[in-house]
Protein chains: 2
Amino acid sequence: MTQPKTDPRILRTRKLIMDSFIALSSKKEFKDITIKDITSEAMINRATFYYHFEDIYDLLDKALSEVLFINLNCQTYEDSDLNEETLVNLFKAITDFQLSLSNRCHRGYEDTIARIIRDQLEVIFLRMLERERPKVDIEQLKVPATMLSWGLYGASVEWGRNQSVTPEKYIKSVGPFLQGGLVRS
Amino acid sequence: MTQPKTDPRILRTRKLIMDSFIALSSKKEFKDITIKDITSEAMINRATFYYHFEDIYDLLDKALSEVLFINLNCQTYEDSDLNEETLVNLFKAITDFQLSLSNRCHRGYEDTIARIIRDQLEVIFLRMLERERPKVDIEQLKVPATMLSWGLYGASVEWGRNQSVTPEKYIKSVGPFLQGGLVRS
DNA sequence: CCAAATGTGTTGGATATACAACATATCTCT
DNA sequence: AGAGATATGTTGTATATCCAACACATTTGG
């Protein structure tokens, strides 16, 4: 699928902004990062920042999505079946992402992070369900995809509260309950 | 001395071009490098290349000057006296630069390289002579600066033909002959 | 030798980015 | 509490970079 080509300047500038934001995030809490910090680090003009992003929250959204996208390594799942192994890998990626974030102290933005994780999971599950049920209307697949994304996210939150077992062990314990019409092992 | 600020886009684009050119130079001989190679590697438009450089020879000139400038670490000499130690350091830098080039097989461009080396040396010597003789007219200092730059360059060529001793040892042997009104030890 | 492919150099118009200026908001320090 | 410093968000204008198109030059392969 060939998509419309993006102007290389846009790609370069967005990368400068994203990289600067991520670099700053490893030094300061989100609430202490200013637009001025980012534009100085990236060596771009403030107006250029606003050309690309609404505000710093818009950047946070997109930066987190991108980091999660990389963490999930979404292409890996493009040919995967919806099975126990897949669930374990996705769960591990989510918990890794969340652990990497707690290093950055993103307190106060848990809702944003949660939504981003669920959104990405939903896309992945929806694609898998489409492949497994090509004749079913996509609208009907969204509900199970939503349920799976909320479910897996919820499990990661519960695991985060009590990290007494590894993420793999934790999620395996619920695998058998999902088999049947929805999950194949 | 504050100089007019250069547009950040110009700085970025020039760096992209220079870095790409240097990267390509470590893989291919100069004569096999095309404008297309450079603009693809740098991910910039061909028209942008021509906005910054006349042609590939202009880029070679400027790239070599920059690499030599870095090799020479010219700022080091801004406060230096024109003495034996300085001559040894300059000589070492030139021979290092030439050795690094022979890795890149820049055959056929020795004249360009020679001129660049002499030009940079002349600037350095001229500044040193100006500092040592502030009351002398700058026009009168150019001849000794030219002679020193040609001389040091000539010595590096001779050393290159017969690298039986280290550059330091080689150039030290001519140091005492230059002392007197021109060089202080 | 020649056709096809590739590269070069240029140009006009479009777009992305820079700058300076401005009004307003927020933060810091006394 | 308030003055001063700093940051934000916006806008009109200028400049750097992109693109497509073109004519021409050079290289490649049969």
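Chain letters run A, B, ... following the sequence lines, proteins first, then strands; residues in each count from 1.
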(request) Establish, from distance only, whether the side-chain atoms of A:Asp37 and A:Thr34 form a donor-acceptor pair under 3.5 Å. (result) yes
(message) Whole angstroms only, please: what is the CG-P distance between B:Leu16 and C:dT17?
(response) 13 Å
(request) May I have all residue pairs that pass ring-ring contact (aromatic ring centres under 6.0 Å, His included) and include part of residues 32-52 of chain A, sequence neighbours excluded? (result) A:Phe49-A:Phe53
(request) Please work out if A:Arg14 contacts a base, only the sugar-phosphate, or nothing of the nucleic acid, heavy-atom cut-off 4.0 Å. (result) nothing
(request) Ignoring backbone atoms, establish whether B:Lys5 has a side-chain N or O less than 4.0 Å from OP1 or OP2 of C:dA18. (result) no
(request) Using the test ring-ring contact (aromatic ring centres under 6.0 Å, His included), find all partners of B:Phe69 that sit at least two apart in sequence or belong to another chain. (result) none
(request) Could you check how far NZ of A:Lys15 sits from C1' of C:dT17, rounded to whole Å? (result) 19 Å
(request) To the nearest 10°, let me know how far the axis at one end of the helix from C:dC1-D:dG30 to C:dT30-D:dA1 is tilted from the axis at the other, five pairs an end. (result) 60°
(message) Looking at A:Gln120 and A:Leu68, would you say the former's side chain and the latter's main chain have a donor-acceptor pair under 3.5 Å?
(response) no
(request) Start with the C-alpha gap between B:Arg161 and B:Glu158, add the side-chain angles, then the distance that decides, and say whether salt bridge (Lys or Arg N to Asp or Glu O under 4.0 Å) holds. (result) CA-CA 5 Å; B:Arg161 283 180 182 145; B:Glu158 292 301 320; 2.7 Å; yes
(message) Check the orientation of B:Tyr170 and B:Phe91. Use parallel for under 30°, tilted for 30 to 60°, and perpendicular for over 60°.
(response) parallel
(message) What is the separation between atom OH on A:Tyr57 and atom C1' on D:dG9, rounded to the nearest whole Å?
(response) 14 Å
(request) Using the test salt bridge (Lys or Arg N to Asp or Glu O under 4.0 Å), find all partners of A:Arg115 that sit at least two apart in sequence or belong to another chain. (result) A:Asp61, A:Asp119
Could you go over nucleotides 8-16 of chain C and give all protein N or O partners under 3.5 Å, atom names and distances?
residue: C:dT8; atom: OP1; partner: B:Ile35; partner atom: N; Å: 2.9
residue: C:dT8; atom: OP2; partner: B:Ile35; partner atom: N; Å: 3.4
residue: C:dT8; atom: OP2; partner: B:Lys36; partner atom: N; Å: 2.8
residue: C:dG9; atom: OP2; partner: B:Tyr50; partner atom: OH; Å: 2.4
residue: C:dG9; atom: O5'; partner: B:Tyr50; partner atom: OH; Å: 3.4
residue: C:dG9; atom: N7; partner: B:Arg46; partner atom: NE; Å: 3.1
residue: C:dG9; atom: O6; partner: B:Arg46; partner atom: NH2; Å: 2.6
residue: C:dT15; atom: O2; partner: A:Arg9; partner atom: NH1; Å: 2.8
residue: C:dT15; atom: O2; partner: A:Arg9; partner atom: NH2; Å: 3.1
residue: C:dA16; atom: OP2; partner: A:Tyr51; partner atom: OH; Å: 2.2
residue: C:dA16; atom: O5'; partner: A:Tyr51; partner atom: OH; Å: 3.2
residue: C:dA16; atom: O4'; partner: A:Arg9; partner atom: NE; Å: 3.4
residue: C:dA16; atom: O4'; partner: A:Arg9; partner atom: NH1; Å: 3.4
residue: C:dA16; atom: O4'; partner: A:Arg9; partner atom: NH2; Å: 3.4

Give every pair of a protein N or O atom and an N or O atom of nucleotides 24-28 of chain D that lie under 3.5 Å apart, one pair per line with the distance.
none

(request) Could you check how far CG of A:Leu59 sits from P of D:dA7, rounded to whole Å? (result) 17 Å
(message) Please evaluate residues B:Asn83 and B:Thr86 with respect to the criterion side chain to side chain donor-acceptor pair (under 3.5 Å), reporting the C-alpha separation (whole Å), side-chain torsions for both, the decisive distance (0.1 Å), and the verdict.
(response) CA-CA 5 Å; B:Asn83 58 28; B:Thr86 297; 3.0 Å; yes
(request) Round to the nearest Å and state the distance from A:Phe53 atom CZ to D:dT8 atom C1'. (result) 17 Å
(message) Any carboxylate oxygen within less than 4.0 angstrom of a Lys/Arg side-chain nitrogen, looking at B:Glu139 and B:Lys142?
(response) yes
(message) Could you tell me if the side chain of B:Arg9 sits less than 4.5 Å from the side chain of A:Arg9, heavy atoms only?
(response) no
(message) Tell me if a side-chain donor or acceptor on B:Thr95 pairs with a main-chain N or O of B:Lys92 at a distance below 3.5 Å.
(response) yes
